[in-house]
Colleague: 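Sharing a structure here in structure tokens format.
Excluded from the calculations below are hydrogen atoms, water molecules and symmetry mates; all remaining heavy atoms, backbone and side chain alike, are included. Quick note on labels: first sequence line is chain A, next is B, and so on, each numbered from 1.
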There are 2 protein chains.
Amino acid sequence: MDHSIIDSKACFTTPHDAQACNKRIMAIHDTLYVLGGKWKISIITSLGFGKKRYSELLREVKGISGKVLSRELKEMETNLLIKRTVLDTQPIAVEYELSEYCENLLPVIYNLAEWGTEHRKKIVSVP
Amino acid sequence: MDHSIIDSKACFTTPHDAQACNKRIMAIHDTLYVLGGKWKISIITSLGFGKKRYSELLREVKGISGKVLSRELKEMETNLLIKRTVLDTQPIAVEYELSEYCENLLPVIYNLAEWGTEHRKKIVSVP
DNA sequence: AGTAATGGTGACATTTAGGTAACCAGCTCC
DNA sequence: GGAGCTGGTTACCTAAATGTCACCATTACT
């Protein structure tokens, strides 16, 4: 019963059961995948300030290409993080916005930001 | 002053200041990088159950190659997540363990696991 | 008819991450 | 001296992520 930090901190609920352990690892990788890559965080941040059209995102998320933007948006839509609405204006306009479901993700992102900020300080201060 | 979810949930501290925004995005990517890739979470999980030697990790982290393991360990060491101790036994043995600093990361990982678990349920239940 | 804006898509090239297998030094056992 | 263990490193190769650039249909304006 001496498995150190993880159990003692009650951060990992299940101990040495390989299957539960693997499920947990997969869950973590799922989340990392949903948030990972070069652009997702920027897109979420941009949409965090309000709904945007495709061309607005293309302008605001600096450096992204049209192809990658549309792919990322599609993926985030199938992950239910984003709502896509086609307006029947002339010419046609498409609006993207964060979904309500995406709100669950914001505290997670917040923690990533906090830890990253502190970590950067820590690393640059190391001799 | 209508920038929706993010501010209303107080999840992003600073509003529409581009520089602060970018710093935050970088911080998030730092964290994602520290935890990202195919193996880091598995290594942390394995070391979470107690200190391990190189060859033990090679056996327990199933599928990893020696090259990648040593690279990941080095990187995690420079990120101060891991302590490396050379024991002067014969033959020489090297022990790896999670650092105290790494404990700060465990709640973050915990959140990733929780969200990932719920998200998987959500996605498979979608029509 | 020509130009520009909308929201994209497709073929291809490049970059990065990860995998394979051979090799090495130091030591021990036989 | 040969085989086997330790903890690695190296050169080379494949696969995945990302970037570039050309292209498309629709509508509107001039």
Side-chain angles (χ1 to χ4, degrees), chain A residues 22 25-26 28-47 50-79 81-98, chain B residues 25-26 28-47 50-79 81-97:
Chain A
N22 285 338
I25 290 173
M26 278 194 291
I28 295 168
H29 279 126
D30 285 348
T31 310
L32 291 175
Y33 184 79
V34 164
L35 295 176
K38 198 169 171 183
W39 300 110
K40 301 228 181 70
I41 292 291
S42 298
I43 295 170
I44 291 175
T45 302
S46 182
L47 288 179
K51 46 179 75 168
K52 301 261 162 67
R53 301 192 12 213
Y54 179 83
S55 49
E56 291 180 288
L57 284 168
L58 210 48
R59 248 180 290 118
E60 293 197 14
V61 179
K62 285 182 184 85
I64 201 171
S65 73
K67 171 191 159 190
V68 174
L69 177 59
S70 73
R71 202 196 52 207
E72 298 286 75
L73 288 170
K74 247 182 243 167
E75 201 177 296
M76 292 165 87
E77 204 193 343
T78 72
N79 273 314
L81 302 180
I82 276 186
K83 211 184 126 200
R84 179 178 183 272
T85 316
V86 181
L87 309 173
D88 57 345
T89 53
Q90 258 81 10
I92 211 170
V94 182
E95 252 179 20
Y96 293 93
E97 60 190 307
L98 297 187
Chain B
I25 290 173
M26 279 195 290
I28 296 168
H29 279 126
D30 286 350
T31 310
L32 290 176
Y33 184 79
V34 164
L35 294 177
K38 198 170 171 181
W39 300 110
K40 301 229 182 67
I41 292 291
S42 298
I43 294 170
I44 291 176
T45 301
S46 181
L47 287 178
K51 46 177 76 165
K52 299 263 162 66
R53 300 188 17 208
Y54 179 82
S55 48
E56 291 180 289
L57 285 168
L58 210 48
R59 248 180 290 119
E60 293 197 14
V61 180
K62 286 182 184 86
I64 200 171
S65 72
K67 169 195 160 189
V68 174
L69 177 58
S70 73
R71 202 197 52 208
E72 298 287 75
L73 288 169
K74 246 183 242 168
E75 202 177 296
M76 292 166 87
E77 203 192 343
T78 72
N79 272 313
L81 302 181
I82 276 186
K83 212 185 125 203
R84 179 179 183 271
T85 317
V86 181
L87 308 173
D88 58 347
T89 52
Q90 259 79 10
I92 212 170
V94 181
E95 253 180 19
Y96 293 93
E97 60 191 306

Colleague: Nearest 0.5 Å, please: how far is OG1 in B:Thr85 from NZ in B:Lys51?
Modeller: 6.5 Å
Colleague: May I ask you to verify if any side-chain N or O of A:Lys38 is less than 4.0 angstrom from the OP1 or OP2 atom of C:dT16?
Modeller: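 No.
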Colleague: Measure the CG-OG distance between A:Asn22 and B:Ser42 for me, rounded to the nearest 0.5 Å.
Modeller: 7.5 Å
Colleague: Using whole Å, what does the distance between atom C1' of nucleotide D:dG19 and atom CG of A:Leu69 come to?
Modeller: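 Distance check: A:Leu69 CG to D:dG19 C1' gives 14 Å.
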Colleague: Among C:dG19, D:dT18, D:dA17, which nucleotide has an atom closest to any side-chain atom of A:Tyr33?
Modeller: D:dA17
Colleague: Give B:Thr89 one of three labels, base, sugar-phosphate or nothing, depending on what nucleic acid heavy atoms sit under 4.0 Å from its own.
Modeller: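 Result for B:Thr89 = nothing.
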Colleague: D:dA11, D:dT18, D:dG7: which one has an atom nearest the side-chain heavy atoms of B:Ser55?
Modeller: D:dG7
Colleague: Looking only at non-hydrogen atoms, find the nearest pair between A:Ala93 and A:Arg53 and report the distance.
Modeller: CB-NE, 3.5 Å
Colleague: Is any side-chain heavy atom of B:Leu73 closer than 4.5 Å to one of B:Arg84?
Modeller: no
Colleague: Output yes when at least one side-chain N/O atom of B:Arg71 is less than 4.0 Å from OP1 or OP2 of C:dG18, else no.
Modeller: yes
Colleague: B:Tyr96 OH to D:dG8 C1': how many Å, rounded?
Modeller: 8 Å
Colleague: With a 4.0 Å limit, can you tell me whether B:Lys74 has a side-chain N or O closer than that to the phosphate oxygens OP1/OP2 of D:dT9?
Modeller: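 For B:Lys74, the contact criterion (side-chain N or O under 4.0 Å from OP1 or OP2 of D:dT9) is met.
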Colleague: Starting the side chain at C-beta, find the nucleotide from C:dG18, C:dT6, C:dT9 nearest to A:Tyr54.
Modeller: C:dT9
Colleague: Please examine the side chains of B:Leu35 and B:Ile44, heavy atoms only from C-beta on, and report whether any two atoms are closer than 4.5 Å.
Modeller: yes
Colleague: Of the options D:dT6, C:dT6, C:dC27, whose atoms approach the side-chain atoms of B:Pro91 most closely?
Modeller: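 The answer is D:dT6, which lies nearest to the side chain.
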Colleague: Could you check how far CD of B:Glu75 sits from C1' of C:dT16, rounded to whole Å?
Modeller: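 Distance, rounded to whole Å: 13 Å.
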Colleague: Indicate, with a heavy-atom threshold strictly under 4.0 Å, whether B:Arg84 touches base, sugar-phosphate, or nothing.
Modeller: sugar-phosphate
Colleague: Considering only C:dG18, C:dG8, D:dT18, which nucleotide approaches the side chain of A:Val68 most closely?
Modeller: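 Nearest to the side-chain atoms of A:Val68, counting from C-beta on, is D:dT18.
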Colleague: Let me know the distance between CG of B:Leu32 and P of D:dA17, rounded to the nearest Å.
Modeller: 15 Å
Colleague: Return the 5'-most residue of the pair A:Ser70, A:Ile92 with respect to DNA chain C, ranking by each residue's nearest nucleotide.
Modeller: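 With A:Ser70 and A:Ile92 compared, the 5'-side residue is A:Ile92.
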Colleague: Separation of A:Arg59 atom CZ from C:dG8 atom P, in whole Å?
Modeller: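 Between P of C:dG8 and CZ of A:Arg59: 15 Å.
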Colleague: Quick one: does B:Tyr54's side chain have a donor or acceptor within less than 3.5 Å of a partner on B:Tyr96's backbone?
Modeller: no
Colleague: Expressed in angstrom and rounded to an integer, what is the separation of B:Lys62 atom NZ from C:dG19 atom P?
Modeller: 16 Å
Colleague: Between the base of D:dG19 and the side chain of A:Lys67, is there any donor-acceptor pair under 3.5 Å?
Modeller: yes
Colleague: Could you state the CZ-C1' distance from B:Arg53 to D:dG8, rounded to the nearest angstrom?
Modeller: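 Going from B:Arg53 (CZ) to D:dG8 (C1'), I get 13 Å.
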Colleague: Between D:dG7, C:dG18, C:dT28, spot the one nearest the side chain of B:Gln90, thanks.
Modeller: C:dT28
Colleague: Expressed in angstrom and rounded to an integer, what is the separation of B:Leu35 atom CG from C:dA17 atom P?
Modeller: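 So the CG-P distance, B:Leu35 to C:dA17, works out to 16 Å.
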